[in-house]
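Below is one structure, written out as structure tokens; the observations come after it.
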Protein chains: 2
Amino acid sequence: MVTIKDIAKLANVSHTTVSRALNNSPLIKEPTKRKILDIASQLNYTPNYNAKSLVMQKSHTIGLFFSTISDGTSTSFLADAIKGVNSVISEDYNLFVRGIDDYEDFSSINSKRYDGIILMSQSDADNAFIYHVREKNIPLVVLNRQLEDRTIINILSNDREGSHHAVNYLIKCGHQKIAIIEGKEEFKSSHERKNGYLSALIEKNIPIHHEYSEKGNYEMQGGYTAMEKLLSLEKPPTAVFCSNDDMAIGAMNAIFAKGLSVPHDISVIGFDDIGFAKYTTPRLTTVKRPMEEISIQGAKSILSLMSQQEDQGGNHFENTELIIRDSVRALNDSSPV
Amino acid sequence: MVTIKDIAKLANVSHTTVSRALNNSPLIKEPTKRKILDIASQLNYTPNYNAKSLVMQKSHTIGLFFSTISDGTSTSFLADAIKGVNSVISEDYNLFVRGIDDYEDFSSINSKRYDGIILMSQSDADNAFIYHVREKNIPLVVLNRQLEDRTIINILSNDREGSHHAVNYLIKCGHQKIAIIEGKEEFKSSHERKNGYLSALIEKNIPIHHEYSEKGNYEMQGGYTAMEKLLSLEKPPTAVFCSNDDMAIGAMNAIFAKGLSVPHDISVIGFDDIGFAKYTTPRLTTVKRPMEEISIQGAKSILSLMSQQEDQGGNHFENTELIIRDSVRALNDSSPV
DNA sequence: CAATAAAATGTTCACGTTAACATTTTGATT
DNA sequence: AATCAAAATGTTAACGTGAACATTTTATTG
């Protein structure tokens, strides 16, 4: 492996001069600079980042952490987040991807190792991690889950508003018996989305029936099982708000399995707008959550946070959007807006 | 930041003794070892991995590279690979994720920075990368694409066999007019899967019609468009082999859009067995490709390759499996095996 | 052309750790 | 107790780089 000292010898200068030349310091005369750069490229020199990091106290590494990678994080969620972050950070940053639940303790997570951390947070259980990162003074951006601590940069979609909007749409379509299939209980988003569902019903004075709430887990099978239970009720709902698209797909399958049709017998609405939502039969009406946009914003934020030290915390909401397709039926004449 | 020298001072020993104690060297007496470990944990000591890496010439980093992350890599593919690798490597390795197409040149990829590299290879264009990694003497495992070079560890599914099997099944079901929707042209797997399709037809002496081959791109929209073309043929096929599930889903949608039914009017078979395949309507018959298993094997291989230096190259095939669901209809009496 | 400031380059140290070699302590043997 | 081997610990250097300070070279000015 060739080092700056090797280059120094060949160029007949000190290794510091080489260092300066490679870092494009204005202190070095043009001719020598060129000579050094020439030799460096001829020798195929590449800097040793460990040495660099050691002396400069920077790691050139950004950590992208998920609450969990193996347990219940949907593929599209994981992939969209990585794609988003990846598209923003430049070649000279390393991107480390890991799940918080992979760690027994957080001792290996410190400012020497990470210049910045993006946390894709799904659960309150992440708070210990957040606390640790803050304590170690590592620049941090939290995505996807709202924090009380307003000093932390926080980028997320307004899930409550999104689900409120969705349920409101069902009501406008004439539905009154509206059920919900909830998300994974440990995930904050589940509660946000349920709250939007509740607030929409309350706003329109529609009574809330306990039996219209079914627990789910954000997985297709969970949506299927939950829907089966709803269908076996004495008075089944006419519409179901599913807390994510995966469960909506499972729910539709449960409906088909009973010989019923969507949206004729039961209307279904989802959340996320994953790629497949356009290709279900019927096409799924859902709330679009701009996951990739959120991670792009997150990556940009962490970069600016790392360069300037001005820590401008607070929430940044990316808007959700109701995507109307074919899985909801209007029960009344007044066509919905 | 607390270093081993700080600990040394407090323990009244040399920093080397501390280093040895922390690394559990047998040279250190039990009592001193305990004392040092105590102090270390009290001070909340965490090792500086940059220093460690610098002197030990190890990076504690495993690179997981994709041909591309942003351009045409399906979400389930990306996520399954990361999940698989992540589940195997231990806490003291960093997992680095990046797309090859993010790099202008590979100069930053060297053995100081990566202890090992797992390449999820989709395209011949990766060969330059592979060559570079080999030249730098970085342990390498290539997943998902067959290499000529038998000295490189290579783990993949036998796609040709899988698609042969699938098309054979269609034939056994009485189909003769069997079309194919091909994958992304630049990806090796597309050709493998097409070859399996062709060999199955040839084996059974079924004439190959040029118009029954449609180009696709591994995306749902591509499957849709390709299917539309097939349906507009004078003699449309009775069965379609789609080179992945995403396109199969798109194809089914195109069939529905024409008012036709799957499998009654046209049979559809996919490849991959993604999570959604169980939840399409009808449920998708497909070839299961054990992506997560492949990445788990890949991660295990890279770890063993990194520890022992015995480089045992060659291909390791993970078996595909035909998953029979409801999207293929038997045209004849003889029920298929 | 000397004096002096500015520019260019060199010397030495530091970063935090492990490793090679050196020294001291311990314990067994006579 | 003296001797010696083994065990435990210490000293110093090394990894590759950047930074502070020191020195030399160059350009500018009177």
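Just so we're on the same page: letters track the sequence lines, and every chain starts at 1.
Looking at heavy-atom distances under 4.0 Å, A/D6 makes no contact with the nucleic acid at all.
Within the 4.0 Å cut-off from OP1 or OP2 of C/dT11, not a single side-chain nitrogen or oxygen of A/S14 is found.
Straight-line distance from the CG atom of A/N12 to the P atom of D/dT24: 17 Å, rounded to whole Å. Straight-line distance from the CG atom of A/L54 to the P atom of D/dG18: 12 Å, rounded to whole Å. With rounding to whole Å, B/L22 atom CG is found 15 Å from D/dT9 atom C1'. Put simply, CE on B/M1 is 13 Å from C1' on C/dC15, counting in whole angstrom units. Regarding B/N50, its CG atom lies at a distance of 22 Å from the P atom of D/dA14, rounded to whole Å.
Not a single side chain to side chain donor-acceptor pair (under 3.5 Å) links B/N12 to another residue, sequence neighbours left out. By the side chain to side chain donor-acceptor pair (under 3.5 Å) test, B/D149 is found to be paired with B/T151, residues two or more places apart in sequence or in another chain being considered.
The list of ring pair (Phe, Tyr, Trp, His ring centres under 6.0 Å) pairs with a residue in residues 108-137 of chain B, not counting sequence neighbours, reads B/F65-B/Y114, B/F65-B/F129, B/F96-B/Y114, B/F106-B/F129, B/F106-B/H132.
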Donor-acceptor contacts under 3.5 Å from residues 51-59 of chain A side chains, at least two apart:
unit_1 : atom_1 : unit_2 : atom_2 : d
A/S53  : OG     : A/Y49  : O      : 2.7
A/S53  : OG     : A/K58  : O      : 2.9
A/S59  : OG     : A/T61  : N      : 3.3
A/S59  : OG     : A/R113 : O      : 3.1
A/S59  : OG     : A/D115 : N      : 3.0
A/S59  : OG     : A/D115 : OD1    : 3.0

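B/F77 and B/F66 have perpendicular rings, their planes meeting at more than 60° on a 0 to 90° scale where under 30° would count as parallel.
Of the residues in residues 24-39 of chain B, those with a non-hydrogen atom less than 4.0 angstrom from any atom of DNA chain D are B/P26, B/L27, B/I28, B/K29, B/T32.
A/S307 places a side-chain N or O within donor-acceptor distance of the main-chain N or O of A/L303, the cut-off being under 3.5 Å.
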Between the protein and nucleotides 17-19 of chain C, which nitrogen or oxygen pairs are less than 3.5 angstrom apart?
unit_1 : atom_1 : unit_2 : atom_2 : d
C/dT17 : OP1    : B/Y45  : OH     : 2.4
C/dT17 : OP1    : B/N48  : N      : 3.1
C/dT17 : OP2    : B/I4   : N      : 2.8
C/dT18 : OP1    : B/N23  : ND2    : 2.9
C/dT18 : OP2    : B/S19  : OG     : 2.3
C/dT18 : O4     : B/H15  : NE2    : 2.9
C/dA19 : N6     : B/T16  : OG1    : 3.1

ask   = Is there a salt bridge (Lys or Arg N to Asp or Glu O under 4.0 Å) between A/K188 and A/D159 once you walk through the steps?
value = CA-CA 10 Å; A/K188 187 80 171 188; A/D159 285 13; over 6 Å; no

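The side-chain contact (heavy atoms from CB on, under 4.5 Å) test with A/I100 singles out one residue from A/L119, A/I109, A/T68, and that residue is A/L119.
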